[in-house]
Amino acid sequence: MEKKPFLKKPGPVGKRTIKTAATAAILAAVYYMIGRNPAFACIGVIFGMGSDMKDSIQNGGNRLFGTLIGGVLAVILFRLYLFVFPQGGHSLFLTVMLFIGIIALIQLCRTFWPGGVQPGGVVLCIVLFSTPVSTYVSYSLNRIFDTAVGVVVAVVVNWVTQKDKTMGFREEIRDFFDKLEH
């Protein structure tokens, strides 16, 4: 049996790679101009730029709906935590909230968007274990908003640059330049 190499030589840089990089860079520049951190919007772009529209909607949807479900759930659980410990500081109790949260997350994602468990779990963990008491709501809402912006922008860019759309545009450009030469 032939062994496959551990590392393989990458192919040429393709259209999807360029679209993803350009869209993320442009969105990051816009975010900097309006004074927002572009990290989660750019992550949304990376998840949302699929090889075709079906892939974009599936992967972007996983990120978007997972972040939405995980973010809302995190706000609810963190609020319950603050009801018991108003000043915070009891991280062991947060493990109980995490246990409940993961069960709820998986059940909600199974109902609404099965691929959302992983990104939802990331937001849930970040809010529960890394977000200050004073900013957990705004942090969660900002993550949901920024992720939605990135995913929507990626899906729109992917839709606008679909092969059948761009092929027609290329033909029109080619015809225009052919007419100029003659």
Side-chain angles (χ1 to χ4, degrees), residues 6 16-17 19-50 54-158:
F6 176 69
R16 178 178 171 198
T17 303
K19 283 192 316 185
T20 304
T23 303
I26 291 167
L27 189 56
V30 169
Y31 260 63
Y32 280 130
M33 284 189 268
I34 62 173
R36 287 185 68 89
N37 183 321
F40 287 91
C42 292
I43 292 168
V45 167
I46 293 165
F47 272 81
M49 192 66 71
K54 182 180 177 191
D55 192 41
S56 278
I57 291 168
Q58 180 66 45
N59 291 328
N62 289 348
R63 179 73 185 177
L64 176 60
F65 289 107
T67 300
L68 177 64
I69 293 167
V72 170
L73 191 57
V75 168
I76 293 167
L77 291 170
F78 207 88
R79 184 68 200 128
L80 291 171
Y81 163 68
L82 291 177
F83 183 74
V84 177
F85 298 105
Q87 303 305 314
H90 291 79
S91 55
L92 192 55
F93 186 73
L94 285 174
T95 61
V96 174
M97 295 284 102
L98 179 66
F99 178 82
I100 294 166
I102 290 173
I103 291 171
L105 174 72
I106 291 170
Q107 291 304 105
L108 288 167
C109 286
R110 287 175 66 194
T111 301
F112 297 107
W113 197 278
V117 173
Q118 290 84 359
V122 169
V123 174
L124 181 64
C125 289
I126 289 172
V127 171
L128 291 180
F129 298 121
S130 297
T131 307
V133 170
S134 61
T135 61
Y136 75 97
V137 173
S138 63
Y139 178 87
S140 299
L141 293 176
N142 280 314
R143 293 308 60 83
I144 293 166
F145 174 78
D146 294 338
T147 297
V149 168
V151 168
V152 168
V153 167
V155 169
V156 167
V157 166
N158 216 17

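Starting from 1, each residue takes its place in the sequence as its number.
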Q: Would you name the heavy atoms of Ser138 and Thr135 that are closest together and state the gap between them?
A: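 So the minimum-distance heavy-atom pair works out to OG-O, 3.2 Å.
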
Q: Which of these passes side chain to side chain contact (heavy atoms under 4.5 Å, CB included) with Val117: Leu108, Val122, Ile106?
A: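 One option only clears the test, and that one is Ile106.
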
Q: Roughly how far, to the nearest 0.5 Å, is CG of Leu141 from CG of Leu68?
A: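 The distance works out to 10.0 Å.
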
Q: How far apart are the closest heavy atoms of Leu94 and Phe129, and which atoms are they?
A: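 Leu94 and Phe129 have their closest heavy atoms at CB-CE2, 3.7 Å.
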
Q: Keeping Thr20 on the side-chain end and Val45 on the backbone end, is there a donor-acceptor pair under 3.5 Å?
A: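 The answer is no, because no donor-acceptor pair under 3.5 Å joins these two groups.
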
Q: Counting only heavy atoms not in Gln87, do more than 12 fall under 6.0 Å of its CD?
A: no

Q: With side-chain contact (heavy atoms from CB on, under 4.5 Å) as the test, would you mind laying out the steps for Phe40 and Thr67 before giving the verdict?
A: CA-CA 10 Å; Phe40 287 91; Thr67 300; over 6 Å; no

Q: Check whether any side-chain heavy atom of Arg143 lies under 4.5 Å from a side-chain heavy atom of Asp146, and answer yes or no.
A: yes

Q: Which heavy atom of Gly50 sits nearest to which heavy atom of Ser56, and what is that distance?
A: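 So the two residues come closest at N-OG, 2.8 Å.
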
Q: Using 0.5 Å steps for rounding, measure from the SG atom of Cys42 to the CG atom of Leu27.
A: 5.5 Å

Q: Just distance, no hydrogens or angles: give the donor-acceptor pairs under 3.5 Å from side chains in residues 71-81, sequence neighbours left out.
A:
from: Tyr81; atom 1: OH; to: Gly89; atom 2: N; distance (Å): 2.9
from: Tyr81; atom 1: OH; to: His90; atom 2: N; distance (Å): 3.0

Q: Just wondering, more than 12 heavy atoms not from Phe93 lying within 6.0 Å of its CZ?
A: yes

Q: Please confirm whether Phe65 and Phe112 have ring centers closer than 6.0 angstrom.
A: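 Between Phe112 and Phe65, which both carry aromatic rings, the centre distance is not below 6.0 Å.
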
Q: Is it true that a side-chain atom of Thr147 and a backbone atom of Ile144 form a donor plus acceptor pair closer than 3.5 Å?
A: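 Pair absent, no side-chain N/O of Thr147 close to backbone of Ile144.
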
Q: To the nearest 0.5 Å, how far apart are CH2 in Trp113 and CZ in Arg63?
A: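 Answer rounded to 0.5 Å: 14.5 Å.
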
Q: Would you name the heavy atoms of Gly48 and Ala154 that are closest together and state the gap between them?
A: C-CB, 3.6 Å

Q: Testing the 3.5 Å rule here: is there a donor-acceptor pair between the side chains of Asp55 and Asn59?
A: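 Per modelled atom types, Asp55 and Asn59 side chains form a pair under 3.5 Å.
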
Q: Please determine whether side-chain contact (heavy atoms from CB on, under 4.5 Å) holds for the pair Gln118 and Asn62, giving the CA-CA distance in whole Å, both sets of side-chain angles, and the decisive distance to 0.1 Å.
A: CA-CA 8 Å; Gln118 290 84 359; Asn62 289 348; over 6 Å; no

Q: Can you give me the closest heavy-atom contact between Ile69 and Cys109, atom names plus distance?
A: CD1-SG, 3.9 Å

Q: Can you give me the closest heavy-atom contact between Met97 and Leu128, atom names plus distance?
A: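 Nearest pair, atom of Met97 first, then Leu128: C-CD1, 4.2 Å.
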
Q: Could you tell me the separation between the CG atom of Asn158 and the NZ atom of Lys54, rounded to the nearest 0.5 Å?
A: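 Going from the CG atom of Asn158 to the NZ atom of Lys54 covers 14.5 Å.
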
